[in-house]
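Below, chains carry the letters A, B, ... as their sequence lines are ordered, and counting in each starts from 1. Only a predicted model underlies this, so the values are computations on that prediction, with no experimental measurement involved. What's counted below: heavy atoms across the whole structure, side chains too, no hydrogens, waters or symmetry copies.
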Amino acid sequence: MGHWLLKTEPDVFSFDDLLRAPGRTTGWDGVRNYQARNFLRDGMKKGDLVLIYHSSADPPAVAGVAEVVREGYPDPSQFDPKDDHYDPQSAPAAPRWYQVDVKAVRKLARPVSLPEIRQTKALAKMPVVQRGQRLSVQPVGAKEFDLIVRMGEQ
DNA sequence: GCCAACGTTGGC
DNA sequence: GCCAACGTTGGC
């Protein structure tokens, strides 16, 4: 089973928003980076577990756990001229951008903050703590995933 | 194909 | 608000 981290700005869409969404599920749309797109389209599998990470928050932190309930399919927002993520260069016959559906599993008892992750030796190699790392979809090691969840359940 | 300019991300 | 890091664009 795969493990991932998805970034979101909580002002735009938070883990609580995911909990309130119909079926506690949402399409993870709007990702416009090719490396992240490849993970969404090719890497993420049904049943994979996901850390939902709040970026541009104070402090930035992992807020909860979700799971992939639908594998990669074309992101509809790329075809909607009224959407902020509209991409006029993407043709429906050859979609450029993909999304998955994720469902909330549970909110952590407490958020696990970026400074805390940074201070934890076993987590220091995670992409999210690397300087200048902007990728909004990142693979996570199983041990790292479990440790963060354990920290968040204390 | 190179690379300067520009835009975006995201921590601080 | 600043700015480092990085990706994309476009002139040549």
Side-chain angles (χ1 to χ4, degrees), chain A residues 2-21 26-44 48-68 72-102 104-105 107-141 143-154:
Chain A
H3 299 80
W4 306 90
L5 180 147
L6 291 175
K7 291 185 189 173
T8 182
E9 294 186 34
D11 292 348
V12 178
F13 190 86
S14 68
F15 191 80
D16 286 337
D17 291 327
L18 181 59
L19 286 172
R20 285 191 292 265
T26 195
W28 205 261
D29 64 1
V31 174
R32 297 292 181 265
N33 169 281
Y34 286 105
Q35 196 179 349
R37 185 279 311 270
N38 292 344
F39 286 135
L40 291 168
R41 187 188 59 188
D42 310 324
M44 300 178 81
D48 284 0
L49 293 174
V50 176
L51 299 171
I52 302 297
Y53 173 85
H54 286 168
S55 62
S56 296
D58 190 20
V62 174
V65 177
E67 72 170 303
V68 177
Y73 63 101
D75 175 350
S77 69
Q78 70 195 302
F79 304 125
D80 180 357
K82 294 186 293 295
D83 196 286
D84 285 346
H85 300 288
Y86 176 57
D87 182 353
Q89 301 197 72
S90 181
R96 180 177 292 185
W97 306 114
Y98 281 71
Q99 65 181 46
V100 297
D101 286 355
V102 295
V105 173
K107 187 174 180 173
L108 295 179
R110 62 171 190 88
V112 178
S113 74
L114 182 60
E116 196 178 349
I117 293 171
R118 190 163 269 144
Q119 286 163 17
T120 304
K121 265 265 164 55
L123 302 175
K125 293 206 171 135
M126 292 183 68
V128 74
V129 304
Q130 305 309 315
R131 177 186 186 81
Q133 179 53 262
R134 300 184 302 172
L135 197 59
S136 63
V137 181
Q138 304 180 359
V140 174
K143 287 180 181 169
E144 294 167 333
F145 187 98
D146 290 342
L147 179 53
I148 287 179
V149 170
R150 258 182 287 138
M151 289 163 69
E153 294 300 345
Q154 280 172 6

**Fill in**
Contact check, residues 123-134 of chain A vs DNA chain C, heavy-atom distance under 4.0 Å, returns Arg131(A), Gly132(A), Arg134(A)
**Asked** Where along residues 77-85 of chain A does a heavy atom fall under 4.0 Å from DNA chain B?
**Response** none
**Asked** Closest heavy-atom contact between Val31(A) and Ala36(A)?
**Response** CG1-CB, 3.5 Å
**Request:** Would you name the heavy atoms of Leu114(A) and Tyr53(A) that are closest together and state the gap between them?
**Result:** CD2-OH, 3.6 Å
**Item:** Beyond-backbone contact of Asp48(A) with Glu67(A), side-chain heavy atoms, under 4.5 angstrom
**Value:** no
**Fill in**
Taking every heavy atom of Leu19(A) against every heavy atom of Ala104(A), the minimum-distance pair comes out as CD2-CB, 3.6 Å
**Request:** Tell me, please, the opening and closing nucleotides of DNA chain C, 5' to 3', among those with an atom under 4.0 angstrom from a non-hydrogen atom of chain A.
**Result:** dA4(C) to dT8(C)
**Request:** Enumerate the residue pairs fulfilling salt bridge (charged side-chain N to carboxylate O under 4.0 Å, His left out) with a member in residues 110-119 of chain A, sequence neighbours excluded, ordered by first and then second residue.
**Result:** Arg110(A)-Glu116(A)
**Request:** Could you grab the distance from atom NE2 of His85(A) to atom CG of Asp80(A), nearest 0.5 Å is fine?
**Result:** 11.0 Å
**Prompt:** With under 30° as parallel and over 60° as perpendicular, where do the rings of Trp28(A) and Phe13(A) fit, or are they tilted in between?
**Reply:** perpendicular
**Message:** Show the nearest heavy-atom pair for residues Trp4(A) and Val140(A), with the distance to one decimal.
**Reply:** C-CG2, 3.6 Å
**Request:** Can you see which heavy atom on Phe145(A) is nearest to which on Leu49(A), and at what distance?
**Result:** CZ-CB, 3.4 Å
Between side-chain atoms of residues 127-135 of chain A and protein atoms elsewhere (two or more places apart, or another chain), which donor-acceptor pairs fall under 3.5 Å?
residue, atom, partner, partner atom, Å
Gln130(A), NE2, Ala124(A), O, 3.1
Gln130(A), NE2, Met126(A), O, 3.1
Gln133(A), OE1, Leu135(A), N, 2.9

**Message:** Using five pairs at each end of the helix from dG1(B)-dC12(C) to dC12(B)-dG1(C) to define an axis, what is the angle between those two axes, to 10°?
**Reply:** 10°
**Prompt:** Do you know which two heavy atoms are closest between Ile148(A) and Ile117(A), and how far apart they sit?
**Reply:** CD1-CD1, 4.2 Å
**Message:** Using a 4.0 Å heavy-atom cut-off, does Arg32(A) contact any base of the nucleic acid, only the sugar-phosphate backbone, or nothing at all?
**Reply:** nothing
**Prompt:** How about Tyr34(A) and Trp97(A): are their ring centroids closer than 6.0 Å?
**Reply:** yes
